[in-house]
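Below is one structure; the comments refer to it alone.
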Amino acid sequence: MKKIVFATNNAHKLEEVRAIVGDRFEIVPLAATGITEEIPETSDTLEGNALQKARYIYERTGLDCFADDTGLEVAALGGAPGVHSARYATDGHDHAANRALLLRNLEGVTDRSARFRTAIALIQEGAERLCEGEVRGTIATEERGEGGFGYDSLFIPEGHTTTFAEMSPELKNSMSHRGRAVEKLAEML
Ligand code: ITT
C-alpha cells in the first residue's frame with residue numbers, strides 16, 4: 001500500500017483521515033518521522049499554512065506527505081476566527097476557551113451562518129498540489145454533543161439539526177470540510 005506522511009500533531013485529525021482513506025493508503029503519523037516539535041504556521045491563509053507544514057516535513061524527511069489547515073469562518077464576525085481558529089481565545093490550542101469566546105462574540109446575533117474550510121497541501125516527489133473542501137452551516141447557541149473535537153459541539157451543518165459533536169464519526173466525515181478535501185486528495189494520489 002502507498003505510504004504517505006500526514007503532517008499533523010492532532011490525533012483526532014489523524015483518526016478522521018484514516019477512517020476516510022485508510023483502506024487505500026497507509027497514513028504515516030508525524031511521530032513516526034521523529035519530528036516532535038510544533039510545525040510553524042505563520043501564513044495568513046489556510047493554503048499557505050498547509051503548504052508551510054507540508055514543506056517543513058518534506059524538507060526534513062524527503063517523504064511524500066500532506067498537511068491540512070482548517071478554519072471556521074463566521075459571517076457575522078467578518079470571517080473570524082478563520083485562519084486564527086486554533087488561537088482565537090489564547091495563544092495555545094485551548095478548544096474550550098475558543099468555543100466560549102465564539103459564543104460570547106455571537107450573543108444576541110441572529111445571523112449565525114458559518115462554514116468550515118479545509119485546505120490540503122500534498123507534496124509527492126517534490127511536486128506540490130493543493131485542494132480544499134468546505135461545509136456550510138450555523139453556530140448553535142450552546143454546546144451540544146460529546147464527539148469530535150475543536151468547534152464541533154457548536155457547528156450544525158446545513159440540512160441537519162444536530163451538531164458535528166452529536167453525529168457518528170462516519171456521518172461527520174461523509175459531509176465535513178476535511179472529508180471532502182480528503183476525497184479530493186485521494187483522487188490526486
Ligand atoms: P495541526 O497539528 O494539524 O496544525 P491543529 O489542531 O492546529 O492541528 P488546525 O490549525 O487545522 O489544527 O485547526 C484550527 C482550529 O480549528 C483548531 O482549533 C481545531 O480544533 C479546529 N478544527 C479543525 N478541524 C476541525 C473539525 O473538523 N471540527 C471542529 N474543529 C476543528
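Numbers here are sequence positions counted from 1. Note that ligands are numbered from 1 as they come in the structure, with each ligand's atoms numbered from 1 the same way.
Applying the ring pair (Phe, Tyr, Trp, His ring centres under 6.0 Å) definition to pairs two or more places apart or across chains, those involving residues 36-78 are Phe6-Phe66.
Among residues two or more places apart in sequence or in another chain, the side-chain contact (heavy atoms from CB on, under 4.5 Å) test is passed with Ser176 by Phe164, Lys172, Arg178.
A donor-acceptor pair under 3.5 Å is formed between the side chain of Asp152 and the backbone N or O of Phe149. A donor-acceptor distance shorter than 3.5 angstrom exists from the side chain of Ser85 to the backbone of Leu72, with no hydrogens or angles considered. A distance-only check finds a donor-acceptor pair linking the side chain of Gln52 to the backbone of Thr42 [under 3.5 Å].
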Under 3.5 Å, which donor-acceptor pairs link side chains of residues 21-28 to any protein atom two or more places apart or in another chain?
| residue | atom | partner | partner atom | Å |
| --- | --- | --- | --- | --- |
| Arg24 | NH2 | Ile20 | O | 3.2 |
| Arg24 | NH2 | Glu183 | OE2 | 3.4 |

Kindly print each ligand 1 N/O atom paired with any protein N/O atom under 3.5 angstrom away, one pair per line, or none if nothing qualifies.
| residue | atom | partner | partner atom | Å |
| --- | --- | --- | --- | --- |
| ligand 1 | 2 (O) | Thr8 | OG1 | 3.2 |
| ligand 1 | 2 (O) | Asn9 | N | 3.1 |
| ligand 1 | 3 (O) | Thr8 | OG1 | 2.6 |
| ligand 1 | 3 (O) | Lys13 | NZ | 2.7 |
| ligand 1 | 3 (O) | Lys53 | NZ | 3.4 |
| ligand 1 | 4 (O) | Glu41 | OE2 | 2.9 |
| ligand 1 | 4 (O) | Lys53 | NZ | 2.9 |
| ligand 1 | 6 (O) | Asn10 | ND2 | 3.1 |
| ligand 1 | 7 (O) | His93 | NE2 | 2.9 |
| ligand 1 | 8 (O) | Lys13 | NZ | 3.4 |
| ligand 1 | 10 (O) | Asp69 | OD1 | 3.0 |
| ligand 1 | 11 (O) | Lys13 | NZ | 2.7 |
| ligand 1 | 11 (O) | Asp69 | OD1 | 3.3 |
| ligand 1 | 11 (O) | Thr70 | N | 3.1 |
| ligand 1 | 12 (O) | Lys13 | NZ | 3.0 |
| ligand 1 | 20 (O) | His95 | ND1 | 3.3 |
| ligand 1 | 24 (N) | Arg178 | NH2 | 2.6 |
| ligand 1 | 27 (O) | Lys172 | NZ | 2.8 |
| ligand 1 | 27 (O) | His177 | NE2 | 2.8 |
| ligand 1 | 27 (O) | Arg178 | NH1 | 3.1 |
| ligand 1 | 28 (N) | Asp152 | OD1 | 2.6 |
| ligand 1 | 28 (N) | Lys172 | NZ | 3.4 |
| ligand 1 | 30 (N) | Tyr151 | N | 3.0 |

